[in-house]
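Proteins get letters first, then strands, A, B, ... in listed order; numbering begins at 1 in each.
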Amino acid sequence: MKKNGRKMIVKKDKKNVILEEVVDFDLSQTLECGQCFRYEKISQNEDGCEYIIVAFNKMLRIRQSNNRLIFFDTSIDEYENLWKDYFDLDNDYDLIKKSILKTNKKLGMAIKDMSGVRILKQEFFETLISFIISQNKQIPHIMKIVEMISKKYGSVCGEYKKKKYYSFPSADVLKNVSEQDFRECKMGFRAPYIVDAISKVISGDIDYDYLSKSSIDEAIEVLMTIKGVGSKIANCVALFSLHKTEAFPVDVWIKRIMIELYFDGEDTDKRVIEEFAKEKFGNLCGYAQQYLFYYARKNGINKKKNVKKWA
DNA sequence: CTCCAGGCAGTGT
DNA sequence: ACACTGCATGGA
């Protein structure tokens with residue numbers, strides 16, 4: 001394995017895959033930065049942190065200690081074919097960060113603070129549904145609802161310490177679920193949006209392979225034909241599932257920090273901010289967005305007053 | 001109690 | 001084009 005500037009070493013013991021010399025990767029940052037809703041922190045101490053995640057119908061227990069990453073009970077094949085891409089481990093983030101910094105010194109603090117975040121490549125249908133649910137909700141509540149749907153309609157894909165973990169259900173499973181049933185999963189006004197998304201996936205109007213090959217603009221345009229999918233959610237799906245790094249989701253947090261950094265604190269339309277970012281960051285938009293998002297939240301930037309200096 | 005949450009669609013100018 | 005509002009639900 002040669003990428004990553006330095007070399008990352010892949011090993012295998014009886015049951016686990018172990019990566020050594022992993023750089024520009026922080027498990028906590030990557031899972032908890034708001035792109036992913038299916039993780040559970042098992043432990044965190046001075047020796048590292050450990051999580052259970054559910055993705056692509058698999059449960060994974062994973063641990064990070066400094067530059068070592070352990071994928072428990074995982075075969076080399078599963079690592080190579082699934083988790084390596086999921087965590088974007090073949091991508092050279094040192095190069096990405098340097099490229100962003102070269103023209104955008106203002107992001108220095110954000111990049112330094114979130115230097116181990118990666119853009120996950122998550123399963124398409126789950127990402128679409130999860131981000132439709134996400135609108136006007138807080139992350140812990142989104143996680144609860146996604147968990148509820150998985151328990152109710154998904155299937156068991158693993159067990160740890162007597163707790164069962166459930167995969168996110170497929171469109172095929174959800175196609176017969178009624179709007180009323182979704183409302184019972186506390187989805188409120190999003191329930192009809194979910195029904196519409198499922199029917200368009202089933203009919204083929206929304207097709208992962210097609211969208212993967214599409215340009216960013218076309219992918220977003222097609223995704224926005226789904227009721228309840230606007231610019232922000234379409235950009236999220238394009239970034240976190242289709243891995244189109246020209247995407248730049250503008251939510252309340254990104255809006256606030258972008259206004260602070262580039263618009264002199266003046267209230268600016270989200271579309272203007274999105275255009276500005278796409279011009280400024282190009283195909284590094286998605287990465288820049290991730291650095292900015294968690295950083296803005298962590299520092300609690302507030303739209304009413306300037307809590308911090310950003311330069 | 002009120003206000004807001006990783007927004008969006010519908011309605012009115 | 002643009003601004004304004006309702007929306008389900010839960011947490012601060």
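Taking the six-membered ring where the residue is Trp, A/F87 and A/W83 present tilted rings, their angle falling between 30° and 60°.
At a threshold of 4.0 Å, the pair A/E179-A/R183 counts as salt-bridged, since one of the basic side-chain nitrogens sits closer than that to a carboxylate oxygen. The residues A/D267 and A/K255 are annotated as salt-bridged, a charged nitrogen and a carboxylate oxygen being separated by less than 4.0 angstrom. One finds a salt bridge joining A/R61 and A/E50 here, because a Lys/Arg side-chain nitrogen approaches an Asp/Glu carboxylate oxygen to under 4.0 Å.
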- request: Give the B/S/- string for nucleotides 6-13 of chain B, one per nucleotide from 5' to 3', where a protein heavy atom under 4.0 Å of the base yields B, of only the sugar-phosphate yields S, and otherwise -.
  value: BBSSS---
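Comparing C/dC2 with B/dG6, their C1' atoms sit 24 Å apart, to the nearest whole Å. With P as the reference atom, C/dC4 and B/dC4 are 15 Å apart, rounded to whole Å. Rounded to a whole angstrom, the distance from the P atom of B/dT11 to that of C/dA8 is 14 Å.
Using modelled atom types, one finds a donor on one side chain and an acceptor on the other under 3.5 Å when comparing A/Y287 with A/N91. A donor atom on one side chain and an acceptor atom on the other are not found under 3.5 Å apart for A/D209 and A/S212. No donor-acceptor contact under 3.5 angstrom links the side chains of A/Y165 and A/S150, judged on distance only.
Boundaries of the chain A contact region on DNA chain C are C/dC7 to C/dG11, first to last in 5' to 3' order (nucleotide atom under 4.0 Å from a heavy atom).
Here the rule is side-chain hydrogen bond (donor to acceptor under 3.5 Å, both in side chains) with A/N235, and of A/E246, A/K278, A/K244 only A/K278 fits it.
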